[in-house]
Amino acid sequence: MLIMATVDDMPPEGIPYITDKVMDNGAKNIHIINAYTKKGRMEYIIFVDFPDESLEEISSLLALEFGTIGMKIINYEHIKFPYKIAHKKLTLNIRDVSFSQDIRIKYLYNLKEEIISLKVEYEDLKSFVNEVNSKGFDVSFSKLKTLIEAKAYSESFDLDELSLSL
């Protein structure tokens, strides 16, 4: 089930607290979007995705925390693509120092079972980068993510050689 609510009298400092509280109370996901409403007032548009049986609990929590007087229930259909999680060993060598850790990569497939995207799992990459940087190196999270995902993509193709010209 999906609820949409709007709030135009909430300070931004409360948003992370309420987001965590909503997730802790069974929501599958929450999105909070900045917007403008009538008379140029700032507002937040809140979308919460949750199991049907949590309607009363989630809506009551939103009413309590945001003070909203009403919400919209949005009926939707979810298309879920198949995915697989592969466990890979990541090794990084920097100036004769070697770092190694198992990481997970999520491969997303279309309905023809072709890879359409992949992502290194955030928590795995975060812990790896933190470990490397704690040893005095300066490794960029986003650059290492790009390199890992490019390598994983190249391994997913049946290629003898990959040559790029930039």
Side-chain angles (χ1 to χ4, degrees), residues 1-5 7 10-36 42-51 54 58 61-62 65 74 76-166:
M1 182 169 288
L2 186 69
I3 283 183
M4 183 191 90
V7 177
M10 177 68 157
E13 300 85 34
I15 299 296
Y17 169 80
I18 296 169
T19 299
D20 290 343
K21 198 167 178 183
V22 168
M23 293 301 294
D24 290 345
N25 279 277
K28 295 178 193 173
N29 215 332
I30 182 169
H31 298 277
I32 301 177
I33 303 165
N34 283 327
Y36 284 100
M42 284 293 300
E43 78 171 351
Y44 297 104
I45 302 172
I46 301 106
F47 292 99
V48 182
D49 183 11
F50 56 91
S54 299
I58 296 289
L61 176 61
L62 291 173
E65 292 293 349
I74 300 171
Y76 67 94
E77 188 173 335
H78 184 88
I79 298 172
K80 187 173 182 179
F81 289 98
Y83 68 90
K84 294 178 186 170
I85 296 177
H87 295 265
K88 303 279 186 173
K89 183 173 184 171
L90 172 61
T91 302
L92 180 65
N93 297 305
I94 306 174
R95 290 177 260 158
D96 298 325
V97 179
S98 184
F99 297 92
S100 187
Q101 179 177 311
D102 289 334
I103 61 165
R104 293 167 293 166
I105 299 177
K106 186 182 289 183
Y107 292 83
L108 182 65
Y109 296 86
N110 63 17
L111 300 177
K112 298 178 198 173
E113 297 184 15
E114 302 163 327
I115 295 173
I116 55 176
S117 72
L118 59 85
K119 288 192 233 183
V120 64
E121 289 290 325
Y122 169 79
E123 291 297 334
D124 295 350
L125 181 58
K126 177 182 162 186
S127 71
F128 186 77
V129 169
N130 285 339
E131 171 67 21
V132 171
N133 289 341
S134 74
K135 303 298 185 203
F137 296 97
D138 192 20
V139 174
S140 163
F141 178 93
S142 61
K143 289 176 184 163
L144 187 57
K145 179 181 187 306
T146 299
L147 290 170
I148 293 168
E149 291 173 353
K151 176 74 171 163
Y153 268 118
S154 70
E155 290 175 355
S156 70
F157 295 112
D158 197 15
L159 301 175
D160 292 329
E161 182 179 335
L162 179 62
S163 178
L164 300 172
S165 298
L166 302 174

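Residues take their numbers from the sequence shown, with the count starting at 1. Worth saying up front: this structure is predicted, and the values here are computed from it rather than measured.
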> The criterion is side chain to side chain contact (heavy atoms under 4.5 Å, CB included); which residues satisfy it with Lys151, sequence neighbours excluded?
Ser154, Glu155
> Does Asp124 reach the main-chain N or O of Arg104 with its side chain, forming a donor-acceptor pair under 3.5 Å?
yes
> Working to the nearest 0.5 Å, report the span between CG of Leu2 and NE2 of His78.
11.5 Å
> Give the minimum heavy-atom separation between Tyr153 and Ser117, together with the two atoms involved.
OH-CA, 3.1 Å
> Let me confirm one number: the CZ-CD1 distance from Phe128 to Ile148, rounded to the nearest 0.5 Å.
7.0 Å
> Examine distances only and state if a side-chain atom of Glu121 and a backbone atom of Ile103 form a donor-acceptor pair shorter than 3.5 Å.
no
> Within a radius of less than 6.0 Å around CZ of Phe137, do more than 12 heavy atoms belonging to other residues, nucleotides or ligands occur?
yes
> Going through the checks in order, is the side-chain contact (heavy atoms from CB on, under 4.5 Å) test met by Tyr36 and Glu43?
CA-CA 6 Å; Tyr36 284 100; Glu43 78 171 351; over 6 Å; no
> Identify the two heavy atoms, one from Ala27 and one from Ile58, that lie closest to each other, and give their separation to 0.1 Å.
N-CD1, 4.0 Å
> About how many Å separate CD1 of Ile115 and OH of Tyr109, when rounded to the nearest 0.5 Å?
4.5 Å
> Return yes if some donor-acceptor pair links the side-chain N/O of Asn133 with the main-chain N/O of Val139 below 3.5 Å, else return no.
yes
> Is any side-chain heavy atom of Ile3 less than 4.5 Å from a side-chain heavy atom of Phe50?
yes
> Which heavy atom of Val129 sits nearest to which heavy atom of Phe141, and what is that distance?
CG2-CA, 4.1 Å
> If I compare all heavy atoms of Tyr44 with all of Pro11, which pair ends up nearest, and what's the gap?
OH-C, 4.4 Å
> State, with a plain yes or no, whether a side-chain heavy atom of Lys135 is found less than 4.5 Å away from one of Val97.
no
> Considering all heavy atoms of both residues, which atom of Val120 and which atom of Glu149 are nearest to each other, and what is their separation?
N-OE2, 3.0 Å
> Quick one, Lys89 and Ser100 - any side-chain contact, counting heavy atoms below 4.5 Å?
yes
> Would you give the length of the straight line joining atom CG of Asn110 to atom CG of Leu108, rounded to the nearest 0.5 angstrom?
8.5 Å
> Do other residues, nucleotides or ligands put more than 12 heavy atoms under 6.0 Å from the CD atom of Glu113?
no
> Please name the pair of heavy atoms, one in Gly26 and one in Pro51, separated by the smallest distance, quoted to 0.1 Å.
O-CD, 3.3 Å
> When rounded to the nearest 0.5 angstrom, what is the spacing between CD1 in Ile18 and CD in Glu65?
5.0 Å
> As an exercise, state the distance from CD1 of Ile46 to CE of Met4, rounded to the nearest 0.5 Å.
9.0 Å
